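As structure tokens, the structure follows; a few thoughts come after it.
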Number of protein chains: 2
Amino acid sequence: MNQVLDRGIAAPLYKEVKRLLTHSLAQGEWGAGEALPSETQLAKRFGVSIGTLRKAIDELVAEGAVVRRQGRGTFIASHGATRLMFHFFHIVPHDGEKQYPRTATLAFRRGRAAAMEAAKLGIAAGDAVLRIRNLLSLGSKPVILDELVLPQRLFPDLSEKILTARDNTIYHLYQTRYGINVLRTSERLRATVADVEAAQLLGVRKGAPLLEINRVAYTYHDAPVELRRSLVDTTEHEYFSDIGK
Amino acid sequence: MNQVLDRGIAAPLYKEVKRLLTHSLAQGEWGAGEALPSETQLAKRFGVSIGTLRKAIDELVAEGAVVRRQGRGTFIASHGATRLMFHFFHIVPHDGEKQYPRTATLAFRRGRAAAMEAAKLGIAAGDAVLRIRNLLSLGSKPVILDELVLPQRLFPDLSEKILTARDNTIYHLYQTRYGINVLRTSERLRATVADVEAAQLLGVRKGAPLLEINRVAYTYHDAPVELRRSLVDTTEHEYFSDIGK
DNA sequence: AAGTGGTCTAGACCACCAT
DNA sequence: TGGTGGTCTAGACCACTTA
């Protein structure tokens, strides 16, 4: 039952505990939304004091991997609408309330990874990928055009039917059906102009300025799981970034 | 010497300690780059255990207000080039190394706050403000056009001479000369097009797409201290945002 | 060698939640 | 009522820095 902690010379004990916990999380030892064993039990299992165990979990909480709920337990962070809006969706109206987007899937194709895509996804050029195109609307107006690239290997049976049948966020689908928990994203933004196709879909004129966002989504161990290019019509919306909070 | 801790019913002790520490920081009890008293001393002063004191400081570290250096002490976070690049400067080359910007001040004027500016700065409409225009270059090419709005009250003797004579970042100037430590910024981005003036200064054609960044900078207690509008030529550079790391 | 922050422990008690 | 996470303590020892 007890896991032996091979105390190397360098790493602090709580980092070792965190590493083992992260490993268990990545292996799916506990399912989406499920509770971990109590802190007392985990401390026993790793043979450390409760303070050390808590320090390990503190970091997992800070990284968004797990969530503590006093009196109830510690749970795998689950991808609901709240988490999406709070952590991963950064487009807000210029004035007015933050809105939940409505998604329409325009295309679902299978293809091969280009060299640059492969590098970002940590796979080999030419590996099988899924390409998805979504149009997101905010308050009945199309605002965001998304192009997703997913490694086929991570999403073995994903089909257009499964994708469009979901009744929750796409990251919730990744998590519940494929055991992939998106923890962190890295985004690069630039200004560009609408080509004919984007202009038509977003309802702007060709050549209109658009915000381009290139996102990489990561799971445990900083493993990349999704590439996403978004084109955003920022006439009535903005990208919101709160740094250091 | 000892500060009495009025333990209200609700707030945890370490939050109280943090509040008192933040207050001391905001009052400038310790100067820029200076060391705080040791943890042992602070624990005595507040009449709490070292664990509780450390938990308070943990949060200040997480917020970027102070920095711990093992064997040396805990210091007020100071605004050097490193911190600027790491926390507050988000423009990176599309490919290649991150570069340190060169700043040229184009204009320095005194004026009155417009209603919207006043609201964002937490001052009254019509209050005195300073307006500064900077052109930032990366690798000999102008890339960013900044327009800053500062409440005159916070920067009483700031002049063009003082501004341009500095040999460090502008946030370093805020900190050392005016005791204002910028801890956090909030940014809103959109795509726009270059007007005649911006086009000329940035060396792009009129109507070229530009990235517009509207920043509010905050110090202790989330008090706003600076408004900044940036226009960025993103043909060779991008805005980088790492979320949840 | 002395002083600083960093780790780890063992235990008490509190606040919250389900039953 | 029993179990969970949250707070707080007191002390030992380690790692690092400076003198």
Side-chain angles (χ1 to χ4, degrees), chain A residues 2-21 24-25 30-31 33-78, chain B residues 2-21 24-25 30-31 33-78:
Chain A
N2 282 29
Q3 287 179 241
V4 177
L5 282 186
D6 182 9
R7 299 261 22 226
I9 320 171
L13 189 47
Y14 75 93
K15 290 280 188 188
E16 282 297 313
V17 172
K18 181 188 169 192
R19 203 179 53 77
L20 291 174
L21 282 171
S24 290
L25 289 168
W30 310 289
E34 204 179 321
L36 275 60
S38 76
E39 297 183 342
T40 321
Q41 287 175 306
L42 287 172
K44 252 179 209 145
R45 162 161 155 188
F46 295 123
V48 301
S49 79
I50 211 138
T52 301
L53 188 275
R54 275 184 66 81
K55 194 157 179 182
I57 295 194
D58 281 347
E59 297 206 346
L60 293 175
V61 169
E63 290 167 15
V66 300
V67 176
R68 286 201 180 102
R69 290 187 223 167
Q70 191 173 9
R72 299 186 51 199
T74 303
F75 300 78
I76 307 279
S78 72
Chain B
N2 281 30
Q3 288 178 240
V4 177
L5 282 185
D6 181 10
R7 299 259 24 224
I9 320 172
L13 189 47
Y14 76 93
K15 289 280 188 189
E16 283 297 312
V17 172
K18 182 188 169 193
R19 203 178 53 76
L20 291 173
L21 282 171
S24 290
L25 289 169
W30 310 289
E34 203 179 321
L36 275 60
S38 76
E39 297 183 341
T40 321
Q41 287 175 306
L42 286 173
K44 254 179 208 147
R45 162 161 156 188
F46 295 123
V48 301
S49 81
I50 210 137
T52 301
L53 188 276
R54 276 184 65 82
K55 194 156 180 183
I57 295 194
D58 281 346
E59 297 206 346
L60 293 175
V61 169
E63 290 168 14
V66 300
V67 175
R68 286 201 180 102
R69 291 188 222 165
Q70 191 173 9
R72 299 187 51 200
T74 303
F75 300 77
I76 307 280
S78 72

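If you're wondering where the values come from, they're calculated on a predicted model, not measured in any experiment. Every chain is numbered from 1, with letters handed out A, B, ... down the list of sequences.
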Open item on the list: Tell me whether the side-chain N/O atoms of B:R68 come closer than 4.0 Å to OP1 or OP2 in C:dG6.
Closed with: yes

TODO: Enter the distance from A:R45:CZ to A:L53:CG here, rounded to the nearest 0.5 Å.
DONE: 10.0 Å

Task: Whole angstrom value for the distance that separates C1' of D:dC8 from CD1 of A:I50 - done: 14 Å

Open item on the list: Taking the side chain as everything from C-beta on, heavy atoms only, tell me whether B:T74 gets closer than 4.5 Å to B:L42.
Closed with: no

TODO: For side chain to side chain contact (heavy atoms under 4.5 Å, CB included), just list the numbers for B:L21 and B:F46, CA-CA rounded to whole Å, side-chain angles, deciding distance to a tenth of an Å, and then say yes or no.
DONE: CA-CA 10 Å; B:L21 282 171; B:F46 295 123; 3.8 Å; yes

- [ ] Compute the angle between the rotation axes at the two ends of the helix from C:dA1-D:dT18 to C:dA18-D:dT1, each taken over five pairs, rounded to 10 degrees.
- [x] 10°

Task: Side-chain N or O of A:T52 closer than 4.0 Å to phosphate OP1/OP2 of C:dT7 - done: no

Open item on the list: I need the B:R19 CZ to B:S24 OG distance, nearest 0.5 Å.
Closed with: 10.5 Å

- [ ] Describe the nucleic acid contact of A:R54 in one word from base, sugar-phosphate, nothing, applying a heavy-atom distance below 4.0 Å.
- [x] base

Task: Residue whose closest nucleotide on DNA chain C lies nearer the 5' end, A:L53 versus B:E39 - done: B:E39

- [ ] Verify the contact: side-chain N or O of B:R72 to OP1 or OP2 of C:dG5, cut-off strictly under 4.0 Å; return yes or no.
- [x] no

TODO: Report yes if at least one side-chain N or O of B:R69 is closer than 4.0 Å to OP1 or OP2 of D:dT17; otherwise report no.
DONE: no

Open item on the list: So, OP1 or OP2 of C:dT7: does either fall under 4.0 Å of a side-chain N or O from A:K55?
Closed with: yes

- [ ] Ignoring the backbone of A:S49, work out which of C:dG6, D:dC8, C:dC8 is nearest its side chain.
- [x] C:dC8

TODO: State plainly whether the residues A:D58 and A:K18 are in salt-bridge range, i.e. N to O under 4.0 Å.
DONE: no

